[in-house]
Asks: 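Before I ask anything, here is the structure I am working with.
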Amino acid sequence: MSPLAYAPDPDPSLDVQFIDSLVPQVTAGRYTLTAHQSLTHGGTRVDEDGYLDPPATQDVEVRAPRFTVQPEWVHGTYPSPGTTGLYDDVLPHITLDRPTLPWERDEATAANGTRLPWLALLVLGEGELPETDPHCLGQTEARTVEQLTGTEDGVVLPAFDQATDPVTDDDKKTVCRTVLVHRSVFHAVAPTEAELPLLTHVRRVNHRHQAPTLTADLIQVGDYAVVVGNRLPRAAGGRYVAHLVSLEGWQKYLPDGTKETYGGPDQKLRLISLWSWAFETVPDHAPGFAALTEHFVDTEGEQGSALLLRVPPGDRPLSGDDQKEVADRLHDGYLPVSCHTESGRQTFAWYRGPFLPRPARPRTDRERRRCAAEALIHLEQYGVFDVSLATAFTAGRGVALADHRFGAALLRLRGKVRRAVDGRGRPAAGARARLEHLVTNGLAGHLGEALRAPARATPPTRRAGVTPVPAPVGTPTAAHLAVRGDDPLVDAHDEDLLLVRNRLLGLRNLAGVPFAHLVPDTRMLPAESLRFFHVDPDWTAMLLDGALSVGLAHSFDLTTDALVFGPDGQAPLPEPAAPVTGLLLRSQLVSGWPALEIRPYASPRATGDDEKALPVVRREALADDVLLVLIEGIPGRVEIAEPQQGVHFGIDEPDEGGADDPVDDGVIRLRALTGDDIGKEIPDKHFPATPGLRPCLRATGASAPDTVLSVSRLAAGLKAALALDHDLTPSEFAIQMINAAQRRTFTTDPKADPETAPDTVTTGDHPNG
């Protein structure tokens with residue numbers, strides 16, 4: 001950030017620069033251009049009268065916005081139009097894509113020669129616009145410019161400067177939006193002449209640091225004019241409307257304007273409203289960002305063990321080999337569940353979803369499962385099953401069956417591949433050729449062995465790590481039907497291929513999987529909790545097996561799937577570049593901060609360099625208060641931060657304590673204005689020294705609002721607190737008034753190896769702007 005007065009070249013080291021103003025060289029008005037030419041020889045003029053020809057003159061009129069603004073010039077507002085939230089510590093503001101707009105008209109000049117803005121943002125509450133908008137719904141009254149240049153009973157109209165910028169006949173046809181404001185209200189909420197420059201500045205966004213958010217602010221590249229209001233909404237709540245008004249002809253009515261004879265406090269002023277929006281602030285009955293994230297730290301357990309996704313261990317110690325097995329499984333994220341075997345016997349089984357509290361073991365090559373029974377793991381020592389992978393298979397099959405487009409596309413795709421194979425002159429082409437191929441490879445012998453083998457009384461089961469029963473020998477495999485790159489089985493842009501492949505990739509990121517399969521017990525994710533986990537690649541692979549089991553008619557369908565989606569197939573499903581991890585957040589943060597930022601970074605030890613941002617492969621709000629984030633890689637640090645919409649102007653919370661009204665306990669965290677730390681908070685330094693900004697409010701009266709800041713008094717206090725030898729410039733004032741987004745950081749134990757550590761140990765730090 002930079003407090004430079006005029007538009008400098010972009011500083012690549014800064015994300016945002018604050019500039020005092022962008023004043024055009026020529027403002028609106030009428031000008032006369034004079035041109036002449038002369039002839040010289042050896043530096044001496046040779047024309048007799050000084051000019052070859054009489055000077056030529058041309059009258060020129062420079063036009064600038066005056067009565068309306070174009071919607072495309074409005075980049076964004078805060079609070080957003082029509083929103084309801086807690087805004088009692090916020091100074092409403094509007095951001096304009098036309099960065100020179102506030103200075104394009106030369107309405108007034110300050111004592112030091114600085115051109116004053118001709119725009120101001122007035123924030124008005126319920127009942128303060130009784131004739132136009134008593135309930136703050138954003139209503140205005142339409143008037144033509146011709147009506148505004150005439151007279152209106154009991155109403156003062158704008159005094160346009162007809163001498164230097166006369167109103168034309170075309171101007172008189174323009175329809176404006178206007179509001180009727182009582183003089184006492186205008187005098188109470190309008191900025192003084194000295195405050196106008198402090199409430200208007202330019203923000204330059206570095207084009208290399210685009211920050212995509214859910215708000216309309218700070219998402220484009222370039223310069224933006226920002227006009228800030230001087231009023232904090234009341235902590236008690238209420239509706240407000242903000243009007244960007246033209247001050248043309250109203251300078252003498254400003255609070256420090258020339259004293260004139262008025263018609264009393266109820267005299268009505270008709271102001272041109274160039275843009276307006278309404279919002280509502282509600283009392284603070286919910287904890288803020290700092291309190292909610294502090295709760296995660298307070299409940300993190302020993303070395304952050306409670307921040308792992310698993311059922312919390314009981315208070316009673318477990319002993320003995322069997323009890324140790326139970327304790328170990330609970331520690332690994334398993335949960336005992338009721339189980340009915342195929343024989344009808346009811347027992348219990350172990351289940352663990354795709355989210356593990358420890359890193360997953362490296363995967364080994366495995367055979368494709370054709371049914372859920374093949375995915376059962378029998379724990380012979382205890383006589384129970386591990387149903388984790390079987391459940392994953394069933395879940396994948398259920399998700400696929402529920403998606404009729406997926407099932408139909410998968411069957412059509414297999415048919416296309418089968419016809420393409422049959423049409424090729426290969427050993428497996430045609431039904432007769434396939435039969436001859438199977439017979440040649442010992443089909444009769446394998447059939448005899450199968451008929452002589454004793455029947456199985458129970459479905460095939462396996463222990464962990466034991467290879468399941470393979471497909472019968474002789475079944476055509478992908479190796480027999482190798483796909484050449486120049487001879488694909490299916491067109492690469494085939495709609496069925498793209499639909500099935502994209503659905504499988506989404507399913508691998510657990511899209512559509514019931515939440516009960518992900519978090520099988522509410523104790524794993526209680527209210528107001530944050531949990532970290534590793535994703536089990538075996539579970540997600542089994543999920544895809546289940547989805548591809550839809551429509552399996554014979555073993556050649558397995559080969560068809562391998563030809564298309566296998567590692568050597570035509571459209572293989574790419575494996576993640578790194579182990580997948582993630583977090584689950586169940587908190588008011590999800591609904592209260594819809595654009596909450598999750599920033600994962602790799603450990604410097606893992607990258608061998610500076611921290612590297614890790615890609616987020618999936619982010620989705622699964623419920624109003626539940627957010628799921630999947631990360632490619634093992635983070636060494638995760639930041640949870642308020643969204644970019646938190647970067648607005650206002651006052652901050654104190655580090656400790658606080659009252660219900662931010663005006664009583666609010667502070668402004670001081671920021672450096674020079675050096676490499678420009679824009680950064682000065683540690684442990686804020687204004688005022690004792691929290692509370694009521695001394696910086698305007699004096700209240702019978703009808704005056706009680707939350708309008710005396711910007712001049714506030715700027716003087718900031719100057720003293722920063723020990724400056726000059727008055728604050730508009731850009732310096734903007735830097736100090738940034739209501740910075742807070743963040744909470746969780747880091748892994750720097751001494752632990754994330755690849756082999758049994759647990760992900762996390763710690764939390766204090767929020768910081």
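The residues of the chain are indexed from 1 along the displayed sequence.
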Asks: Out of V228, L22, I19, which residue meets the side-chain contact (heavy atoms from CB on, under 4.5 Å) rule with H201?
Replies: V228

Asks: Is the backbone N or O of A64 less than 3.5 Å from a side-chain atom of E104, with the two atoms forming a donor-acceptor pair by type?
Replies: no

Asks: Could you work out, with side chain to side chain donor-acceptor pair (under 3.5 Å) as the rule, every residue matching E126, not counting sequence neighbours?
Replies: none

Asks: Side chain to side chain contact (heavy atoms under 4.5 Å, CB included) for L596 and V590? Distances and angles first, verdict last.
Replies: CA-CA 7 Å; L596 189 73; V590 179; 5.8 Å; no

Asks: Examine distances only and state if a side-chain atom of S587 and a backbone atom of L589 form a donor-acceptor pair shorter than 3.5 Å.
Replies: yes

Asks: Tell me, please, whether W103 has R115 positioned over its six-membered ring: NZ or CZ under 6.0 Å from the ring centre and within 45 degrees of its axis?
Replies: no

Asks: Would a 4.5 Å heavy-atom cut-off, applied to side chains only, mark F746 and L583 as touching?
Replies: no

Asks: Could you grab the distance from atom CG of L718 to atom CD1 of I668, nearest 0.5 Å is fine?
Replies: 5.0 Å

Asks: Among residues at least two apart in sequence or on other chains, which ones pass side chain to side chain donor-acceptor pair (under 3.5 Å) with S710?
Replies: none

Asks: Can you pull the salt bridge (Lys or Arg N to Asp or Glu O under 4.0 Å) pairs that have at least one residue in residues 64-86, sequence neighbours excluded?
Replies: R66-D165, R66-E248

Asks: Just one of V227, L196, L247 clears the side-chain contact (heavy atoms from CB on, under 4.5 Å) bar with P117, so which one?
Replies: L196

Asks: Determine whether more than 12 heavy atoms belonging to other residues, nucleotides or ligands lie under 6.0 Å from atom CG of D298.
Replies: yes

Asks: Only counting residues at least two apart or in another chain, list the ones meeting ring-ring contact (aromatic ring centres under 6.0 Å, His included) with H243.
Replies: none

Asks: Using ring centroids (six-membered ring only for Trp), state whether Y78 and F279 fall under 6.0 Å.
Replies: no

Asks: Taking H686's backbone N and O only, do any of them form a donor-acceptor pair with R669's side chain (distance below 3.5 Å, no angle check)?
Replies: no

Asks: If we ignore angles and hydrogens, is there a donor and acceptor under 3.5 Å between the side chains of R744 and T293?
Replies: yes

Asks: Is it true that a side-chain atom of T281 and a backbone atom of Y87 form a donor plus acceptor pair closer than 3.5 Å?
Replies: yes

Asks: Minimum heavy-atom separation for I651 and P662, please, with both atom names.
Replies: CD1-O, 3.7 Å

Asks: Is a donor on one side and an acceptor on the other found under 3.5 Å between the side chain of N739 and the backbone of F649?
Replies: no

Asks: Does the pair K719/D727 count as a salt bridge with the N-to-O cut at 4.0 Å?
Replies: yes

Asks: Would you confirm whether T729, through its side chain, and E732, through its main-chain N or O, come within 3.5 Å as a donor-acceptor pair?
Replies: yes

Asks: Would L673 and L728 count as a side chain to side chain contact (heavy atoms under 4.5 Å, CB included) here? Give the steps.
Replies: CA-CA 10 Å; L673 295 175; L728 283 174; 4.3 Å; yes

Asks: Are any non-hydrogen side-chain atoms of L714 and L198 less than 4.5 angstrom apart?
Replies: no

Asks: Is a side-chain donor-acceptor pair under 3.5 Å present for E128 with H182?
Replies: no

Asks: We want to know whether D20 and S731 form a side-chain donor-acceptor pair, criterion being a heavy-atom distance below 3.5 angstrom.
Replies: yes

Asks: So, the side chain of W275 versus the backbone of A242: is there a donor-acceptor pair under 3.5 Å, distance only?
Replies: no

Asks: Output all residues satisfying side chain to side chain contact (heavy atoms under 4.5 Å, CB included) with V155, sequence neighbours left out; order by chain, then residue number.
Replies: E152, L157, L180, K268, R270

Asks: Would a distance-only check, ignoring hydrogens and angles, find a side-chain to backbone donor-acceptor pair under 3.5 Å from R671 to G679?
Replies: yes

Asks: For the atom pair CG (L116) and CD (Q251), what is the distance rounded to the nearest 0.5 Å?
Replies: 8.0 Å

Asks: Are the side chains of I94 and V226 in touch, meaning some heavy atoms are under 4.5 Å apart?
Replies: no

Asks: Examine distances only and state if a side-chain atom of T192 and a backbone atom of E195 form a donor-acceptor pair shorter than 3.5 Å.
Replies: yes

Asks: Could you check whether R694 pairs with D661 (Lys NZ or Arg NE/NH1/NH2 to Asp/Glu carboxylate O, under 4.0 Å)?
Replies: yes

Asks: List in chain and number order the residues that pass side chain to side chain donor-acceptor pair (under 3.5 Å) with R637, two or more places apart in sequence or in another chain; answer none if no residue qualifies.
Replies: E611, E639

Asks: Taking the side chain as every heavy atom from C-beta outward, state whether D97 and Y224 have any atom pair closer than 4.5 Å.
Replies: yes

Asks: Quick one: does R231's side chain have a donor or acceptor within less than 3.5 Å of a partner on L709's backbone?
Replies: no

